[in-house]
Structures are given as structure tokens and as C-alpha cells.
Amino acid sequence: MASLLDGLDVVLVKTRFPENIGMAARACVNMGCSSLRLVDPEHWDREKARPLATPKGQDLLDGVTVSPDLSEAVAPTALVVGTTARVGGWRQSLLAPTQAAAAVAEVLARGERVALVFGPEDRGLNNEEITHCHKLTTIPTDPAASSLNLAQAVLLLLYECANAVRNCQKKEGGRAPGESGGGKLVTAAEQERLMESVKDMLLRLDYLHGDNPDYFLMPWRRLFTRAGLRRHEYDALMGLCRQVRHKLG
């Protein structure tokens, strides 16, 4: 039997404590999410995580995958939603949890994969990791006590995603996943290849310059994310970048 949030990967980046991974696994099971991925965990001990996962979360823990970096963990997904408690700088156009969940539900309804990314307990996602996220969301809290436990954040956002999926299913009237038109969305790996090609092209044109071209590339990342690129559009843009590089010698 399919789980409610099939196709959604919860990705925990550089998690410090295996107990938090266990509690996150329990939250995943509670909300119908069947995929948990770890990126370069500081200390991964499945046996320490098991008691916090409860009996229902044991199978999920046994299926946990570990990746060396975030780009590999999210490569097969069409949408990557990062979480942040900080604002400003690299963290622009933050979505409320309900808005992020609606975007997640829309992509899942197409039969494509989504990654929901959480940073380390003590500092969250860094700037480089943020560049791999297509959208960012933040959980509003009381300023006097703004810090959330990792598993709490996972549970809250998965709850919103589960509600959004249920609402989407009601609106679609039971239409099967993947029946939406418009063509297949590009994956995170393909979008990253496109951004590298765009960056190289803009550097050659001297449009991007300075010591931090990745920061000035962020508006382009947000533009292509909002566009929701399909495969044929990706092919056209990659061809354009190749042609510009060719003309520039």
C-alpha cells in the first residue's frame, strides 16, 4: 500500500546526534513519508537511533541511505525545498510552510520526486547548501524561543505536506499521479548542470564578476526555479549556452 507522501525524501544534512535521526524517522512514519536520507552525518549509529524511532520506524531506519554531499542526495528529485531559521542574504523569498507544502504536493501529484532538506541542529544549512535548494521555507516561532528540535521541524513540515497532498487529491478528483500535462520536470542534477553552464557563459560574457559569482548567480537560480523547467526547455537552454561559448571561442 502506498504511503501518503510517497516520492518525498526527507534529507538531513550533517546531523550531529543519531537520536535526532531516530525521532525524525518516527515523524516520517507518522506522516506517511517512507524515505529518509542522510548527508555526511557527524555520527551515525543506527542502534542509538532505534529506541527513538519506535517499532513503526525500524524499517525506515533500515532503509536509510547516506550520501557524501547534498548534491548527490537530491540529484534525482524535481524539487528541493530547504529549511532555514535565518533570513536575508542568500535566504530570499522565504515561503510559509503552507506555501512550501502546496508546491511539494503539486510536484508529487505529477509523479515526480521532492526533497525536503534540514540542516545541522546547531547551525542549519550553510550558503553553499542553500544553492542546491529551489525553494526555502521557515517555520515562524516566538522570537524569544526560536530554536526548534530537528524532529519537531520535520514533523511540522511533513504535517503541512500531508495536508496539502490530501487537498490536492480532493481537487484532482482521484486522478492518477503523473497525468498532469506540460512534460517532465528537470531533476535537481540537471538543473545544477544548467546553472554551471549558465555561470560559465555569464563569466565569459563578463556579466558575472567579483570574488563571489555564486552569490550573484542566485537571482538566475530563483528565476529558473520559478519557471519550473521541463526537459525540452532544459535542452534548449543548454544548447544556447553551448552556442554562446562556441561563438566566444
Side-chain angles (χ1 to χ4, degrees), residues 2-77 79-86 95 97-98 100-101 103-105 108 113-126 129-130 132-133 135-141 145-165 188:
S3 299
L4 182 63
L5 294 178
D6 270 357
L8 176 60
D9 303 327
V10 168
V11 182
L12 307 181
V13 179
K14 298 177 182 175
T15 313
R16 300 190 66 193
F17 305 107
E19 292 83 358
N20 282 337
I21 298 171
M23 288 190 286
R26 179 180 181 179
C28 288
V29 172
N30 287 151
M31 293 298 126
C33 175
S34 58
S35 176
L36 182 61
R37 298 173 179 267
L38 307 180
V39 174
D40 189 23
E42 185 173 315
H43 179 55
W44 171 221
D45 186 329
R46 188 176 275 104
E47 297 311 309
K48 285 188 176 181
R50 287 193 187 282
L52 282 302
T54 72
K56 292 290 186 180
Q58 301 305 313
D59 289 345
L60 185 58
L61 280 184
D62 289 337
V64 162
T65 61
V66 181
S67 301
D69 55 60
L70 183 56
S71 62
E72 178 182 298
V74 303
T77 61
L79 174 65
V80 183
V81 180
T83 58
T84 180
R86 289 177 284 165
L95 301 178
T98 51
V104 168
L108 291 178
R113 298 200 71 82
V114 177
L116 190 55
V117 184
F118 299 83
E121 298 93 327
D122 57 341
R123 60 187 183 276
L125 298 172
N126 63 30
E129 290 154 354
I130 288 292
H132 296 287
C133 300
K135 298 180 184 294
L136 294 176
T137 184
T138 187
I139 300 172
T141 57
S146 60
S147 178
L148 286 173
N149 173 270
L150 175 61
Q152 289 177 318
V154 172
L155 182 63
L156 284 168
L157 286 173
L158 288 183
Y159 170 77
E160 294 289 356
C161 290
N163 279 341
V165 167

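Here, residue 1 is the first one in the sequence, and each next residue gets the next number.
Rounded to the nearest 0.5 Å, atoms CG (Leu8) and OG (Ser35) are 8.0 Å apart. To the nearest 0.5 Å, atoms SG (Cys133) and CG (Leu79) are separated by 9.5 Å. Rounding to the nearest 0.5 angstrom, the gap separating the CG atom in Asp69 from the NE2 atom in His132 is 7.0 Å. In this structure, the separation between CG on Leu52 and CZ on Arg26 is 9.0 Å, given to the nearest 0.5 Å. Separation of atoms CG (Leu136) and CG (Leu125) is listed at 8.0 Å; rounding is to 0.5 Å. Atom CD of Glu121 sits about 8.0 Å away from atom CD of Glu42, to the nearest 0.5 Å.
Using modelled atom types, no side-chain atom of Ser67 and backbone atom of Val39 make a donor-acceptor pair closer than 3.5 Å. Here the side chain of Asp9 pairs no donor or acceptor atom with the backbone of Val11 at under 3.5 angstrom. Side-chain N or O atoms of Thr15 include none that pairs as donor or acceptor with a backbone N or O of Pro120 at under 3.5 Å. Looking only at distances, no side-chain donor or acceptor of Thr65 sits under 3.5 Å from a matching main-chain atom of Arg37. The backbone N or O of Ala100 sits nowhere less than 3.5 Å from a side-chain atom of Glu160 that would complete a donor-acceptor pair. For the pair Gln58 (side chain) and Ala53 (backbone), a donor-acceptor distance under 3.5 Å is absent.
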Passes side chain to side chain contact (heavy atoms under 4.5 Å, CB included), Ile21 versus Leu61? Steps please.
CA-CA 9 Å; Ile21 298 171; Leu61 280 184; 4.3 Å; yes
Evaluate side chain to side chain contact (heavy atoms under 4.5 Å, CB included) for Thr137 paired with Thr83, printing each intermediate quantity in order.
CA-CA 5 Å; Thr137 184; Thr83 58; 3.9 Å; yes
Can you check side chain to side chain contact (heavy atoms under 4.5 Å, CB included) on Leu157 and Phe118, steps first, answer last?
CA-CA 10 Å; Leu157 286 173; Phe118 299 83; 3.7 Å; yes
Do Leu155 and Met31 pass the side chain to side chain contact (heavy atoms under 4.5 Å, CB included) test, and can you show the C-alpha distance, the side-chain angles, and the key distance before you say yes or no?
CA-CA 8 Å; Leu155 182 63; Met31 293 298 126; 3.9 Å; yes
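The minimum heavy-atom distance linking Asp45 with Glu47 is given by the pair OD1-N, 3.0 Å. Contact record, Pro97 with Pro140: CD-CD, 4.0 Å, taken as the closest heavy-atom pair. The shortest heavy-atom contact between Asp6 and Ser34 is OD1-OG, 3.1 Å. The heavy-atom pair separating Gly32 from Ser3 by the smallest distance is O-CB, 3.1 Å. In this structure, Leu36 and Leu60 approach most closely via the heavy-atom pair N-CD1, 4.0 Å. When all heavy atoms of Pro18 and His43 are compared, the pair lying nearest together is CD-O, 3.4 Å.
Residues Cys161 and Leu5 are in side-chain contact: their nearest non-hydrogen atoms beyond the backbone lie under 4.5 Å apart. The shortest side-chain heavy-atom distance between Leu12 and Pro41 does not fall under the 4.5 Å cut-off. Side chains of Phe17 and Leu150 form no contact here, defined as non-hydrogen atoms less than 4.5 Å apart. Using a 4.5 Å heavy-atom cutoff, the side chains of Val80 and Leu70 are not in contact.
Residues forming a salt bridge (Lys or Arg N to Asp or Glu O under 4.0 Å) with Glu129 (at least two apart in sequence, or on another chain): Lys14.
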